[in-house]
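Here is the structure we will look at, set down as structure tokens.
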Amino acid sequence: MYNLKEIRKNFGAFKKALEKRAVDVDFKKLETLDVENRELIQKKEALEKEKKDISKTKDKSLFVKSKEISVNIEKISNQQTIISEKLKKILSNIPNIPHTDVPNGRDENDNVEVKKSGNIPKFDFKSKSHYELGENLGMLDFDLATKTTGSRFVFVKGALALLERALSNFMLDTHIYKNGYQEVSPPLLASENTMFGTGQLPKFEKDQFEIKLEEGTDRKFLIPTAEVILTNIVKDKIIDLKSLPLRFVASTPCFRKEAGSYGKDTKGMIRQHQFYKVEMVSIVEQEKCLDELERMTNCATDILDLLELPYRKMILCSGDMGFSAEKTYDIEVWLPSENKYREISSCSSCSTFQAVRMKARYKNINKETINVGTLNGSGLAIGRTLIAVMENYQQKDGSIVIPEKLRPYMNNLEKISLK
RNA sequence: GGAGAGAUGGCUGAGCGGUUGAAAGCACCGGUCUUGAAAACCGGCAAAGGGGCAACUCUUUCCUGGGUUCGAAUCCCAGUCUCUCCGCCA
């Protein structure tokens, strides 16, 4: 979210910067409301001062007047509340402004490749998709999940379930012991306010699973990513400069409605309502965001390098970035069955955008209280990594070789095969 | 589910109708002392919003929302959350 104070300073520049995003914001209304709002605040404050002064004199003859003022204040204050709510509504629906590094573009076709790594496997047999491999092994069961739950869920069984767990532990260990992140095991439900903090609400409510609770209690949502709950660790806080940067990592299930992607990736476990993901979150001094983004992205690619999976690193264009991001790298892994790269991680700097929403601040060297910078990145999406391992390490007989680094996490199993 | 206790600044914690934005301590920052550090002593130290080029100034804020009052951190009502004890379940 943007600070109205900052926008006011240079309204034109703000408007221009947002054009890259192709969002329709009623700037005229924003400007008018801002002026009205401030006028009302001034009126209100003048009256409040008058009332306060009377109270200080303790002069009984003025008490009647004070009472009148109170009525007036209430009237103005109500108007002001309405206007400031309108303002907040407009402001909270404005996305972050893309950093100047970000290429202009409409959609994913305009993303720019910045790096490519690893060797694409060449099979001397007809390769299979992960769901063919998994179903043949009897270790992926989509039909069963449909029966028990519904579409876009899956049962993972046997050695593949072990592989999934191994991936989680391997990634966590790498980020904890090598990359300096603190492990967190967070709640999987988030309050409305928490969801607002990272930008999932109010604009993207239809993508979230909400838990049905008794009437009158606070709303709660299943987290669509651990980013939500990890970033909000610093909500409403003024952090000691010395404790920055904060780096958190968690492996959690994620829940997404995937509204608007009907008919997309319906086969297999590419796009599920529930999936595991290892998520990294960094809280940094605001001017260190971009450096941290490079660092974090390297932590993500580190995993793919260790697993020896081929991938490429993309910088997202302005039109393809998430609501809260100022700059995003996507890491895409090679999937033989689709003969293309698919997203396996997304690392974003959100500058102070989320921090403003969360009221997360720190005192800088000059003792000014300012908003922190927040970053988040997958390191990595476990479900998709599982797919990538299956497809890239598949053998002619339908078995799957386990990447060396994962074997210690799997009782030194070298290969997953029938029986 | 039953019975109590509580929610105050970065933290701990006093205040329980009128200069209280809020004692004290810790933390932090500056200074004196010291070869340096520690200790000791002195001083500083809330946030949000409005106005002003600025120095500065005004308003709001003691969980949230109502109420009483000329005036509320302090009194009343409702709600949320936390803690303790008992029960129940993992």
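All values derive from a computational prediction rather than experimental measurement. A, B, ... follow the sequence lines: proteins, then strands. Residue 1 opens every chain.
Here the P atom of nucleotide U59(B) and the NZ atom of Lys49(A) are 5 Å apart, to the nearest Å. Separating the CD atom of Glu50(A) from the C1' atom of C70(B) is a distance of 13 Å, rounded to the nearest angstrom. In this entry the distance linking CZ of Phe63(A) with P of G18(B) reads 14 Å, nearest Å. Atoms CG (Leu4(A)) and C1' (A48(B)) sit 14 Å apart, rounded to a whole Å. Here the P atom of nucleotide U20(B) and the NZ atom of Lys52(A) are 12 Å apart, to the nearest Å. Spacing between atom CD of Glu85(A) and atom C1' of G65(B) amounts to 13 Å, rounded to whole angstrom units. Per the geometry, NZ belonging to Lys43(A) stands 18 Å off P belonging to U60(B), to the nearest Å. Atom CD in Gln80(A) sits about 16 Å away from atom P in U59(B), given to the nearest Å.
Summarising the base pairing, A23(B) is matched to no nucleotide, lacking a Watson-Crick or G-U wobble pair whose two defining distances lie under 3.5 Å. Nucleotide A7(B) forms a pair with U80(B), judged by Watson-Crick or G-U wobble geometry with both contacts under 3.5 Å. Under the Watson-Crick or G-U wobble criterion, with both distances below 3.5 Å, U59(B) is paired with A48(B). Using the Watson-Crick or G-U wobble rule with both distances under 3.5 Å, G1(B) pairs with C86(B). C41(B): Watson-Crick or G-U partner is G31(B), with both key distances under 3.5 Å.
Salt bridge absent: Glu258(A) and Lys264(A) never bring a charged side-chain N and a carboxylate O closer than 4.0 Å.
Inter-residue side-chain proximity for Thr252(A) and Pro186(A) is flagged as met; some heavy-atom pair is nearer than 4.5 Å.
Comparing A47(B), U59(B), G71(B) by their nearest atom to the side chain of Ser70(A) picks out G71(B). With distances taken from any side-chain atom of Thr369(A) to the nucleotides G49(B), G51(B), A47(B), the minimum falls on A47(B). If you check G10(B), U59(B), G50(B) against the side chain of Ile41(A), the one that comes closest is G50(B). Listed candidates were A48(B), G10(B), U69(B). Nearest to the side chain of Lys67(A) is U69(B).
Among the atoms of the strands shown, only primed sugar atoms or phosphate atoms (P, OP1, OP2) are found under 4.0 Å from some heavy atom of Lys51(A). Among the atoms of the strands shown, none is found under 4.0 Å from any heavy atom of Lys65(A). Lys237(A) comes within 4.0 angstrom of no nucleic acid atom, judged by non-hydrogen atoms across all strands. At a threshold of 4.0 angstrom between heavy atoms, the contacts of Ser55(A) include nucleobase atoms, whether or not backbone atoms are also involved. Asn3(A) comes within 4.0 angstrom of sugar-phosphate atoms only, judged by non-hydrogen atoms across all strands, and of no base. Residue Ile54(A) is classed as having no contact, given no heavy-atom separation below 4.0 Å to the nucleic acid. When heavy atoms are screened at a 4.0 angstrom cut-off, Lys363(A) is found touching the sugar-phosphate backbone but no base atom.
Between Arg361(A) and the phosphate of A47(B), there is no side-chain N or O to OP1/OP2 separation shorter than 4.0 Å.
Of the possible donor and acceptor atoms, none in the side chain of Glu326(A) sits under 3.5 Å from a partner among the backbone N and O of Asn96(A).
One distance of note links CG of Leu140(A) with CD of Glu132(A); it measures 11.5 Å at 0.5 Å rounding. Going from atom OG1 of Thr32(A) over to atom NZ of Lys29(A) covers 9.0 Å, rounded to the nearest 0.5 Å.
Cation-pi geometry between Lys288(A) and Tyr362(A) is not met: the NZ or CZ atom fails to fall both under 6.0 Å from the ring centre and inside 45° of the normal.
Remark on RNA chain B: of its neighbouring residues Val64(A) and Asp34(A), the 5'-side contact belongs to Asp34(A), judged by nearest-heavy-atom nucleotide. Closest-nucleotide positions on RNA chain B for Lys56(A) and Arg8(A) were compared, and the one nearer the 5' end corresponds to Lys56(A).
Remark: the Glu227(A) side chain and the Gln354(A) side chain contain an N/O donor-acceptor pair separated by less than 3.5 Å.
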